[in-house]
Amino acid sequence: MIKGCIFDLDGVIVDTAKYHYLAWKKLADELGFEFTKSDNERLKGVSRMRSLDILLKIGNKQFDKETKLKFAENKNKEYLNYIMKMTPDEILPGVIEFLEELQNKKIKIALGSASKNAMTILTQLKLTKYFDTVIDGTQVSKTKPNPEVFIKGAQSLNLKPEECLVFEDAEAGIEAAISGNFKSVGIGSIDNLGKANYIMQGFDGITFEKIVKLIN
Ligand code: BG6
Ligand code: MG
């Protein structure tokens, strides 16, 4: 029986991928190589430093650790400029209704995100009140596909993994859910999320009740 839901943030609750893209693209432009939107798909669900490594590999560039830390810091400043301008109407369609349904049904709610900016984003979007617990990139040492973030989320809700449903838009996130023994819902395409228990385009018009029926 599902007693809790664990949500990824970027790409599930809000489309921040476009801001990550613009901020990484600024660095690529400065370093003189092309970084496309399709390249950006490879950074979804991936930690900040790992994203930088992938980006530099695309541009065939190598730098020492100190320079890379400076690049990541500058990228984050640029990213936060976009984040601080976000408003609650950027919350993806149907998300608030879904969270309210969970609250009404006394289903516990956790955030399980690789982002170190998760609390800033939830605050900016006025979403903190919905979450019983928030596990983010500041609290995990192993990133998805390792299930650490979801396991910590379930523990914090006092639930077993099999009692929780994970919502994810990244392939690494679905893999993390499966290896942690969680049921999962993929938000996006069957091409990369095919291993999820259920796949949907978003929360618009969908209810928790309906999903639970479909995954059992
Ligand atoms: C994930 C995003 O949620 O967080 C990744 O999908 C991002 O694209 C990662 O790199 C880390 O985010 P942040 O905010 O800590 O740089
Ligand atoms: Mg995501």
Side-chain angles (χ1 to χ4, degrees), residues 5-28 35-58 68-86 90-92 95 110-125 127 131 134-150 152-153 165-178 180 182 184-189 191-193 195-196 199-203:
C5 289
I6 308 180
F7 294 85
D8 174 48
L9 175 64
D10 297 315
V12 170
I13 287 176
V14 66
D15 177 20
T16 43
K18 59 185 178 214
Y19 302 132
H20 279 296
Y21 172 67
L22 291 170
W24 284 127
K25 190 173 179 327
K26 184 168 186 276
L27 175 62
F35 174 59
T36 65
K37 281 194 176 161
S38 123
D39 292 331
N40 193 53
E41 288 301 305
R42 292 169 57 192
L43 310 189
K44 286 189 177 172
V46 175
S47 74
R48 194 180 308 166
M49 292 312 288
R50 178 87 190 100
S51 295
L52 176 60
D53 284 337
I54 296 171
L55 181 87
L56 293 177
K57 205 159 181 207
I58 290 168
K68 288 206 282 184
L69 284 171
K70 194 76 209 155
F71 284 161
E73 191 188 320
N74 288 344
K75 179 267 172 178
N76 198 49
K77 277 189 195 151
E78 180 70 12
Y79 176 65
L80 283 173
N81 284 338
Y82 291 110
I83 295 304
M84 298 320 285
K85 287 186 203 123
M86 275 195 314
E90 286 188 56
I91 297 167
L92 290 169
V95 168
L111 192 87
S113 166
S115 172
K116 293 187 165 137
N117 297 303
M119 273 316 289
T120 308
I121 296 171
L122 289 183
T123 306
Q124 183 72 15
L125 299 176
L127 282 172
F131 290 87
V134 172
I135 310 293
D136 64 17
T138 65
Q139 297 161 69
V140 290
S141 53
K142 300 178 203 99
T143 53
K144 300 167 191 174
N146 188 289
E148 184 185 9
V149 69
F150 299 138
K152 283 197 168 164
L165 188 55
V166 166
F167 293 84
E168 256 294 345
D169 70 315
E171 190 171 1
I174 297 295
E175 282 169 10
I178 293 167
F182 294 86
S184 63
V185 175
I187 316 285
S189 159
D191 297 341
N192 58 334
L193 305 174
K195 292 182 200 151
I199 300 171
M200 60 191 201
Q201 292 313 305
F203 292 92

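In this text, all values refer to a predicted model and were calculated from it rather than measured experimentally. Ligands are counted one by one from 1 in listed order, and the atoms in each one are counted from 1 as well.
- In terms of polar-atom proximity, Lys116 is counted as a contact of ligand 1, with an N or O under 3.5 Å from an N or O of the ligand.
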Quick one, Lys144 with Glu168, criterion salt bridge (Lys or Arg N to Asp or Glu O under 4.0 Å). Give me CA distance, side-chain angles, the key distance, then yes/no.
CA-CA 11 Å; Lys144 300 167 191 174; Glu168 256 294 345; 2.6 Å; yes
Determine, step by step, whether Asp10 and Thr16 satisfy the side chain to side chain donor-acceptor pair (under 3.5 Å) criterion, reporting the C-alpha distance in whole Å, the side-chain angles of both residues, the deciding distance to 0.1 Å, and the verdict.
CA-CA 5 Å; Asp10 297 315; Thr16 43; 2.3 Å; yes
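- Nearest protein neighbour of atom 6 (O) of ligand 1, counting heavy atoms only, is Gly45 N, 2.7 Å.
- By the 30° and 60° cut-offs, the orientation of the rings of Phe131 relative to Phe7 is perpendicular.
- Annotation for ligand 1: atoms under 4.0 Å from non-hydrogen atoms of Arg48 are 11 (C), 13 (P), 15 (O), 16 (O).
- In terms of N/O distances under 3.5 Å, ligand 1 is not approached by Asn76.
- Between Thr143 and Met49 there is no side-chain heavy-atom pair separated by less than 4.5 Å.
- Proximity to Leu43 (heavy-atom distance under 4.0 Å) selects the following atoms of ligand 1: 5 (C), 8 (O).
- Shown here is Lys57, whose NZ atom has no more than 12 heavy atoms of other residues, nucleotides or ligands within 6.0 Å.
- Annotation for ligand 1: atoms under 4.0 Å from non-hydrogen atoms of Ser51 are 10 (O).
- When you scan the N, O or S atoms of Asp10 for the one nearest the Mg ion (ligand 2), you land on O.
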Could you go step by step and tell me if Leu56 and Lys68 meet the side chain to side chain contact (heavy atoms under 4.5 Å, CB included) rule?
CA-CA 9 Å; Leu56 293 177; Lys68 288 206 282 184; 3.7 Å; yes
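- In terms of protein heavy-atom proximity, atom 9 (C) of ligand 1 is closest to Val46 O, 3.1 Å.
- In this structure, Leu9 falls outside the shell of residues with a heavy atom less than 4.0 angstrom from ligand 1.
- A cation-pi arrangement is absent between Lys77 and Tyr79, since the terminal nitrogen or guanidinium carbon is not both under 6.0 Å from the aromatic centre and inside a 45° cone about the axis.
- Residue-to-ligand polar distances place Asp10 within reach of ligand 1: an N/O pair is separated by less than 3.5 Å.
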Taking it one step at a time, do Trp24 and Asp39 satisfy side chain to side chain contact (heavy atoms under 4.5 Å, CB included)?
CA-CA 11 Å; Trp24 284 127; Asp39 292 331; over 6 Å; no
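- By the 4.0 Å heavy-atom criterion, Gly137 is excluded from the residues contacting ligand 1.
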Show your working on salt bridge (Lys or Arg N to Asp or Glu O under 4.0 Å) between Lys75 and Glu78 and close with a plain yes or no.
CA-CA 5 Å; Lys75 179 267 172 178; Glu78 180 70 12; over 6 Å; no
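- Counting heavy atoms from C-beta on, the side chains of Leu92 and Val12 never come closer than 4.5 Å.
- Close N/O approach between Ser115 and ligand 1 is found [any backbone or side-chain N/O within under 3.5 Å].
- When the N, O or S atoms of Asp169 are ranked by distance to the Mg ion (ligand 2), OD1 comes first.
- The side chain of His20, and not its backbone, has at least one atom closer than 4.0 Å to an atom of ligand 1 (non-hydrogen atoms only; side chain from C-beta on).
- Nearest N, O or S atom of Asp8 to the Mg ion (ligand 2): atom OD2.
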